[in-house]
Amino acid sequence: MVSSTVAERVASLREQLDYHNHRYYVLDDPEITDAEYDVLFRELSALEAAHPELDDPNSPTKRVGGEPAQGFTAYEHAERMYSLDNGMDMDEWFAFAERVARSVGTSEVMYWTDPKMDGLAMEVIYENGRFVRAATRGDGITGEDVTRNMRTVMNLPLTLHGDNQPELLEVRGEVVISNKDFAALNARHAEAGEKVFANPRNAAAGSIRQLDPKVAASRPLRFMAYGIGRAEQGGGPIDWPTQRAVMEGLKKLGFAVAPEARLCASSREVAEYFRQLQEERDGLPFEIDGVVAKVNDREMQEALGFTARAPRWALALKFPAHQTKTRLENIRIQVGRTGVLTPVAELSPVELAGVVVSNATLHNKGYIEAHDFRIGDTVLIQRAGDVIPQVLSVDLDERPDNAEPYVFPEQCPVCDSSTIDDGKRVICSNPVCPAKIDKNLIHFVSKAGLDMEGVGKKWVQKLADDEVLNSPADLFSLEKITLLKYERMGDKSAENFIAAIEKAKADAPLWRLISGLGIKHVGEQAARLLADNFEDLRAIQRATFDELKEIKGVGDKTAESIHLFFNSDLGTELLTAFERVGLWPTGGAKAAEAASELPLAGKVFLFTGTLPVKRDEAQAMVEARGGAAAKSVSKKVDFLVAGEKAGSKVDKARKLGVEIIDFDAFLALLQDRPQPKAKSLLDF
Ligand code: IVH
């Protein structure tokens, strides 16, 4: 027997978790932190494990997915799921609206308009307020039972809200993935060498068709309701006289609906709505491919009825496709956060839905090979929402004769280490390649790098995972308030963390900064050599391969990878970022020492009168030998070099006791020869 208090507690936890899910996934307005949610979730899981008799397939804990299925069973829809007729332009829309007006006998027809979401059509069924089944649209008559996968969709209510629950409710809607989630999902898949999806719709459809609900659970699927099938309450149909009432009813029951939906008072307003949404299209969180206009009055809907495939009371107004063809000019390699070499297509610039596109992702080696993309090819590209454009397919008829399959570099373009080809991906072999953000960040703060005591590796890993830190330079602009967002970071720890970073910024010697970068072949020893020989990071960047190679102790390979890193996009960006945050140690002890050995080191010269060479040339001669040039006479000047027609400066120098020499004596000094008998001006 389960004590009633346990059963009550379980019921209360389920209710609380459902409530917070809805706040988070539907309203986008959470009331509690993730950690607080976890505490409730864990308590419920523990109680359910101890009391299997309280099992409920709709418990919020079941959203993680159960055992894999063998296949999907067919499900026959009680009411047919119709398709929609399309209107390709405004003329077609107004023709449709006129037909409707004629049929219903009035031109005063209001339309409910909502975005046409680009995903997978789905029916979800509730009995007495509880989710019991979900089925794909299929051919409209029979779909597939995907109940277990749909249960993992986080914004789908498993229990309907409110007290007065319908006995039966069939909700129709679209399973979608947001543009942002889609981009992250594809990036994750590309880096892992897994299948990448052409668009959010394919990703949503592919995820719903997974036999393993745990895989579906790992995909960021959302259900957006747009209509109903059967809806019964109190022994009859629910009293929802308009499409608008349906949508408001669904919202109250806990469903997510497109916030852009609205009621239009006339066919003109629909046209205006269409134009407006087309403009906003790219900024919307979800991919939409048009607008659906539905007669608002449900009695009118019934009177209008259906054709063989679509309602006569609704029309889909399609936006132009976000696809076009262009030439693949080149393939550039970017190295991702995990060291995977990502090929980027450089395209002949082309306009795509109002934006000029000149780059698109090719995901990974497997994707290029599967589609056989070659430089010079004419390719089909697509832009979906604000997602990075993708290259979809190649037009083989347009392939130039000399187009060769693309060969990935054998060396990492960031750190020059050898690359590893696992068949689907090419990966940099350097464990601390500067592109491998988290590993590199940990290396950067470790003893092998800046040796930042008080900056824990676990925290660095966490901040990198959350993309708070995207490069070592980000550490130095980290704010206390960012750290305080973490449950386990108290006020004092956050302060200590920031203080440790500040200390490192003030104290870090140049060699530690160089060593922390993780450049291939550059450990402490090479870093010290570089720091000795160069003034700062910019000076290293300016150095040629030959200059680097000439440093005693720096071999060819090391010089090459230093040169490569400092000239890579990543290296250049990092230098600028370090400068910006003020992490800019200087070194150059050797350079300074070398300078001190120069013949004119520490000597200050001033030139006056007409000289055999131009004055700035003379000054350059001094500087090249470690000396400095002054602009006016002062006690700091060691030599006044007087040419012909020298004037007042000579008098002044004499008064101050500055040594005055002629140009020949100056040349002798330059050559480090013993000075010819000093020809002081007195001898002139
Ligand atoms: S209403 C009987 N509204 O478009 C009317 N459909 O091309 C049925 N779709 O299979 C559809 N967004 O999955 C409707 N706001 C929306 C929609 C929408 C996307 C899909 C739906 C349907 C397909 C027809």
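Whatever order the structure lists ligands and atoms in, that order sets their numbers, starting from 1. Everything quoted here is computed from the prediction, not taken from an experiment.
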K.L.:
Could you list the residues that satisfy side-chain hydrogen bond (donor to acceptor under 3.5 Å, both in side chains) with Arg327, not counting sequence neighbours?
P.N.:
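In terms of side-chain hydrogen bond (donor to acceptor under 3.5 Å, both in side chains), with neighbours along the sequence ignored, Arg327 is linked to Glu329.
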K.L.:
Select all protein residues for which some heavy-atom-to-ligand 1 distance is less than 4.0 Å, and list them by chain and number.
P.N.:
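Contacting ligand 1 under 4.0 Å are Tyr82, Ser83, Leu84, Asp114, Pro115, Lys116, Met117, Ala121, Arg137, Glu174, Tyr226, Val292, Lys294, Pro311.
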K.L.:
Show your reasoning for whether side-chain contact (heavy atoms from CB on, under 4.5 Å) applies to Lys318 and Lys116.
P.N.:
CA-CA 8 Å; Lys318 296 292 260 308; Lys116 186 168 189 309; 4.2 Å; yes
K.L.:
Among all residues two or more places apart in sequence or in another chain, which pass the salt bridge (Lys or Arg N to Asp or Glu O under 4.0 Å) test with Asp18?
P.N.:
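Salt bridge (Lys or Arg N to Asp or Glu O under 4.0 Å) check on Asp18 returns nothing, list empty.
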K.L.:
Keeping to residues at least two apart or across chains, list the side-chain hydrogen bond (donor to acceptor under 3.5 Å, both in side chains) pairs with something in residues 91-112.
P.N.:
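Residue pairs with at least one partner in residues 91-112: Trp112-Asp114.
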K.L.:
Using the ring centroid of each side chain, check whether His189 and His363 are separated by less than 6.0 Å.
P.N.:
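No: the rings miss the under 6.0 Å criterion.
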K.L.:
On the six-membered ring of Phe94, is Arg268 placed so that its NZ or CZ lies under 6.0 angstrom from the centre and within 45° of the ring axis?
P.N.:
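Yes; both conditions hold, so Arg268 lies above the ring face of Phe94.
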